[in-house]
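All remarks here apply to the structure that follows.
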Amino acid sequence: MILHIDDDLDLSKTADSGQCFRWQNTADNTWRIPHRGECLTITDLCGGDFELDCTEEQFRSVWYAYFDLENNYAAIRSLIDPGEDPFLFKASQSEKGIRILRQDPWEMLISFIISQNKNIPAIRRSVGLLSEMCGERKMSASGQPFYVFPTPEAIAALTADDLAKCRLGYRCRYVHAAAEAVLTGKIELAPLENEAEEKTLAALTSLFGVGVKVASCVSLFGLHHLNAFPVDVWIRRILENEYPNGYPFEKYSPYNGIFQQYMFAYYREQNN
């Protein structure tokens with residue numbers, strides 16, 4: 001199907017924004033995206049047109065929410081006053097097209113546990129190895145094989161040696177513990193989608209090996225709490241260098257997570 005989007009959507013910028021680790025760039029402007037047992041091939045035809053290898057029903061039931069198309073990101077960007085906040089305005093203009101994907105919270109929990117002290121290529125490699133190790137192998141609409149992200153049962157059944165083969169290092173224990181916690185009901189992820197951020201972070205940080213940064217990433221990218229604000233080394237530098245008098249969280253609520261992504265991507269690009 002051909003889809004026209006009047007709002008911001010840049011596939012490359014979204015793929016490189018540090019929120020998703022299993023997108024595959026298969027050709028110019030074309031990406032293969034596995035999500036919850038489905039796999040979409042999407043091509044940017046330019047001018048706001050995109051080609052998707054799914055039916056309109058599949059788009060409405062799965063991919064409309066995944067790309068967060070219910071939110072108007074151009075309107076959200078317009079909340080930034082260039083005179084009052086020139087840095088954020090410049091970042092939002094440079095990185096417009098990034099959207100906060102509605103990803104599976106279980107996949108995000110494991111992915112961001114793995115992400116600790118790893119760069120993005122290394123995270124992608126480990127997440128891919130884990131998916132191939134114990135995820136269900138399926139075929140996409142275009143006849144290409146892909147792996148469904150492994151279930152908690154599948155990961156909990158892996159041995160320490162199995163997990164080590166996925167290049168998880170010290171994170172092996174954290175990944176296994178998270179799988180056990182979800183499997184036994186120690187934590188339920190789905191209900192957290194409707195919980196306040198304070199309670200969400202408390203629940204997630206109760207897990208072995210999960211700190212505030214990982215919990216905030218799961219909150220933003222897995223539970224779609226758009227006001228969640230993960231702080232890593234890049235954001236810490238931004239807050240110190242660009243907002244010495246304090247970042248105006250209240251002013252930008254409830255979209256701080258979106259603005260965080262603009263700042264993160266922009267600062268990383270400028271400093272690399």
Side-chain angles (χ1 to χ4, degrees), residues 5 7-25 28-31 33 44 46 48 67-68 71-101 103 108 111-112 114-127 211-222 224-272:
I5 299 176
D7 194 20
D8 303 347
L9 175 56
D10 187 307
L11 297 176
S12 294
K13 286 182 178 180
T14 299
D16 292 337
S17 64
Q19 62 175 303
C20 51
F21 305 109
R22 295 206 299 141
W23 284 33
Q24 292 182 319
N25 188 197
D28 288 345
N29 302 321
T30 298
W31 297 84
I33 304 170
D44 186 347
C46 301
F67 287 108
D68 195 28
N71 277 310
N72 187 314
Y73 279 60
I76 291 169
R77 283 191 293 105
S78 73
L79 299 174
I80 305 168
D81 186 325
E84 292 184 4
D85 198 335
F87 169 74
L88 183 54
F89 179 77
K90 187 182 296 184
S92 69
Q93 291 298 304
S94 173
E95 304 304 327
K96 64 183 177 183
I98 294 176
R99 301 184 77 87
I100 305 298
L101 305 170
Q103 300 181 85
M108 291 298 96
S111 296
F112 281 101
I114 290 172
S115 77
Q116 298 176 81
N117 296 313
K118 276 181 176 282
N119 59 33
I120 290 177
I123 301 166
R124 288 174 177 158
R125 185 163 52 248
S126 290
V127 171
V212 173
K213 190 261 184 177
V214 168
S216 296
C217 288
V218 176
S219 180
L220 179 58
F221 305 125
H224 208 66
H225 294 174
L226 293 182
N227 214 36
F229 194 86
V231 177
D232 69 347
V233 62
W234 291 109
I235 296 299
R236 192 170 291 112
R237 288 176 188 170
I238 290 168
L239 296 178
E240 291 174 354
N241 296 335
E242 307 296 337
Y243 297 97
N245 297 320
Y247 173 82
F249 288 98
E250 292 187 7
K251 176 181 177 180
Y252 293 134
S253 181
Y255 302 118
N256 281 297
I258 296 174
F259 296 150
Q260 183 265 11
Q261 278 287 275
Y262 294 147
M263 293 190 292
F264 169 81
Y266 177 71
Y267 221 65
R268 187 180 62 175
E269 178 69 22
Q270 294 297 306
N271 285 276
N272 280 342

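Residues: numbered from 1 along the sequence shown. This one's a predicted model, so the numbers in the text were calculated from it and none came from an experiment.
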Closest approach of Phe221 to Gln261 (non-hydrogen atoms, all atoms of both residues):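 Scanning both residues completely, I find the closest heavy atoms to be CZ-NE2, 3.5 Å.
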Are side-chain heavy atoms of [X] and [Y] found at a separation under 4.5 Å?
X      : Y      : result
Tyr266 : Ile238 : no
Thr14  : Trp31  : no
Asn227 : Phe249 : no
Met108 : Ser111 : yes

Sidechain-backbone polar pair: [X] side chain, [Y] backbone, donor-acceptor under 3.5 Å:
X      : Y      : result
Ser253 : Glu250 : no
Tyr73  : Ile100 : yes
Lys13  : Ser94  : yes
Asn25  : Thr30  : yes

Once you round to the nearest 0.5 Å, how far does [atom1] of [X] lie from [atom2] of [Y]?
X      : Y      : atom1 : atom2 : value
Asp7   : Arg99  : CG    : CZ    : 4.5 Å
Ser216 : Asn256 : OG    : CG    : 11.5 Å
Asp16  : Ile120 : CG    : CD1   : 7.0 Å

For the aromatic rings, using the six-membered ring if either is Trp, is the centroid distance between Phe112 and Phe21 under 6.0 Å?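 Ring-ring flag for Phe112/Phe21: true, centres closer than 6.0 Å.
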side-chain hydrogen bond (donor to acceptor under 3.5 Å, both in side chains) assessment of Asn71 paired with Tyr255: CA-CA 11 Å; Asn71 277 310; Tyr255 302 118; 4.9 Å; no
Specify whether Tyr262 and Phe259 have parallel, tilted or perpendicular ring planes, treating 30° as the upper limit for parallel and 60° as the lower limit for perpendicular.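 Aromatic pair Tyr262/Phe259 classed tilted.
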Counting heavy atoms not belonging to [X], are there more than 12 under 6.0 Å from its [atom1]?
X      : atom1 : value
Lys118 : NZ    : yes
Asp28  : CG    : no
Glu269 : CD    : no

Looking at Arg77 and Asp85, is any side-chain nitrogen of the basic one under 4.0 Å from a carboxylate oxygen of the acidic one?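 No salt bridge links Asp85 with Arg77.
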Go through Tyr267 and Ile235 one step at a time and tell me if the side chain to side chain contact (heavy atoms under 4.5 Å, CB included) criterion holds. CA-CA 8 Å; Tyr267 221 65; Ile235 296 299; over 6 Å; no
